[in-house]
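A short worksheet on the structure shown next.
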Amino acid sequence: QVQLVESGGGLVQAGDSLRLSCAASGFTLSAFRMGWFRRAPGKEREFVATISPSGGNIEYADSVKGRFTINRDNAKNTMYLQMNTLAPDDTAVYYCARRRPFSSALNGRLPGAYDSWGQGTQVTVSP
């Protein structure tokens with residue numbers, strides 16, 4: 001059974017950093033492209049970052065580029081999101097997701113390209 005479990009969220013002040021983790025089980029992480037999304041209160045789920053199976057190909061949303069870093073440790077079946085210089089606009093529930101296999105025709109920045117999701121971890125950034 002595919003399972004994704006996020007952790008590492010919390011309440012921080014603007015300018016602080018957090019590191020989110022996504023522990024994967026029930027499948028071979030190294031075979032899948034993975035992504036991070038977030039949902040702010042009253043907004044749609046939005047793309048944050050995606051990483052290829054080997055980690056060599058990475059994309060970021062413009063809103064987080066230069067502040068967030070996605071990486072993965074396939075040996076530990078874990079993906080990470082290092083978030084620096086956090087701002088109140090980063091307040092959201094953060095989700096990790098597994099990209100659908102053979103989905104290169106789908107837009108990897110849209111939730112529909114992903115077939116498995118974690119339960120999310122809350123990140124709250126105070127001014």
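Sequence positions, counted from 1, serve as the residue numbers for this chain.
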Donor-acceptor pair, side chain of [X] and main chain of [Y], under 3.5 angstrom:
| X | Y | value |
| --- | --- | --- |
| E6 | Q119 | yes |
| T78 | K76 | yes |
| N74 | N77 | no |
| S126 | V12 | yes |
| R39 | G120 | no |
| T124 | L11 | no |
| R98 | W117 | no |
| R67 | Q82 | no |

If every non-hydrogen atom of [X] is compared with every non-hydrogen atom of [Y], which pair is closest and at what distance?
| X | Y | answer |
| --- | --- | --- |
| P88 | A14 | CD-CB, 4.1 Å |
| G108 | A113 | CA-CB, 4.1 Å |
| A40 | T91 | CB-O, 3.6 Å |

In the single-linkage hydrophobic clustering (I, L, V, M, F, W, Y; side-chain heavy atoms under 4.5 Å), do [X] and [Y] co-cluster?
| X | Y | value |
| --- | --- | --- |
| I70 | V93 | no |
| Y60 | V48 | yes |
| W36 | V2 | yes |
| M79 | V5 | no |

With rounding to the nearest 0.5 Å, note down the distance linking [atom1] in [X] to [atom2] in [Y].
| X | Y | atom1 | atom2 | answer |
| --- | --- | --- | --- | --- |
| E44 | L110 | CD | CG | 11.5 Å |
| D16 | L18 | CG | CG | 7.5 Å |
| S116 | Q3 | OG | CD | 10.5 Å |
| D115 | R100 | CG | CZ | 5.5 Å |
| T69 | N84 | OG1 | CG | 6.5 Å |

Please check if any side-chain donor atom of T50 sits under 3.5 Å from a side-chain acceptor atom of R33, or the reverse.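 Yes, a side-chain donor-acceptor pair sits under 3.5 Å.
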Say whether Y114 and R99, considering side chains only, have a donor N or O and an acceptor N or O under 3.5 Å apart.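 Absent: no donor and acceptor within the cut-off.
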Within the 4.5 Å heavy-atom criterion, are S7 and S21 side-chain neighbours or not?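 Heavy-atom side-chain distance check passes, below 4.5 Å.
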Mind checking whether M83 and D90 have side chains closer than 4.5 Å, heavy atoms only? no
Could R19 and Y80 be counted as a cation-pi pair, given that NZ or CZ must be under 6.0 Å from the ring centre and within 45° of the axis?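 Geometry flag: set, cation within 6.0 Å and 45°.
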Does R38 qualify as a cation-pi partner of Y95, given the criterion of NZ or CZ under 6.0 Å from the six-membered ring centre and within 45 degrees of its axis?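 No - R38 does not lie over the ring of Y95 by the 6.0 Å and 45° rule.
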Among pairs that include at least one residue of residues 21-127, which meet disulfide (SG to SG under 2.5 Å), considering only residues two or more places apart or in two chains?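 Listed once each, the pairs are C22-C96.
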Could you go through L4 and F27, starting from their C-alpha distance and side-chain angles, then the distance that decides it, and tell me whether this counts as side-chain contact (heavy atoms from CB on, under 4.5 Å)? CA-CA 10 Å; L4 299 169; F27 67 101; 3.9 Å; yes
Using 30° and 60° as the class boundaries, would you call the ring planes of F47 and F37 parallel, tilted or perpendicular?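 Rings of F47 and F37: perpendicular, as their planes differ by over 60°.
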Just to verify, what does R109 make a side chain to side chain donor-acceptor pair (under 3.5 Å) with, not counting sequence neighbours?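 Once residues adjacent in sequence are excluded, the partners of R109 under the side chain to side chain donor-acceptor pair (under 3.5 Å) criterion are E59.
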So D73 and N71, side-chain contact (heavy atoms from CB on, under 4.5 Å) or not? Walk me through it. CA-CA 7 Å; D73 186 336; N71 61 0; over 6 Å; no
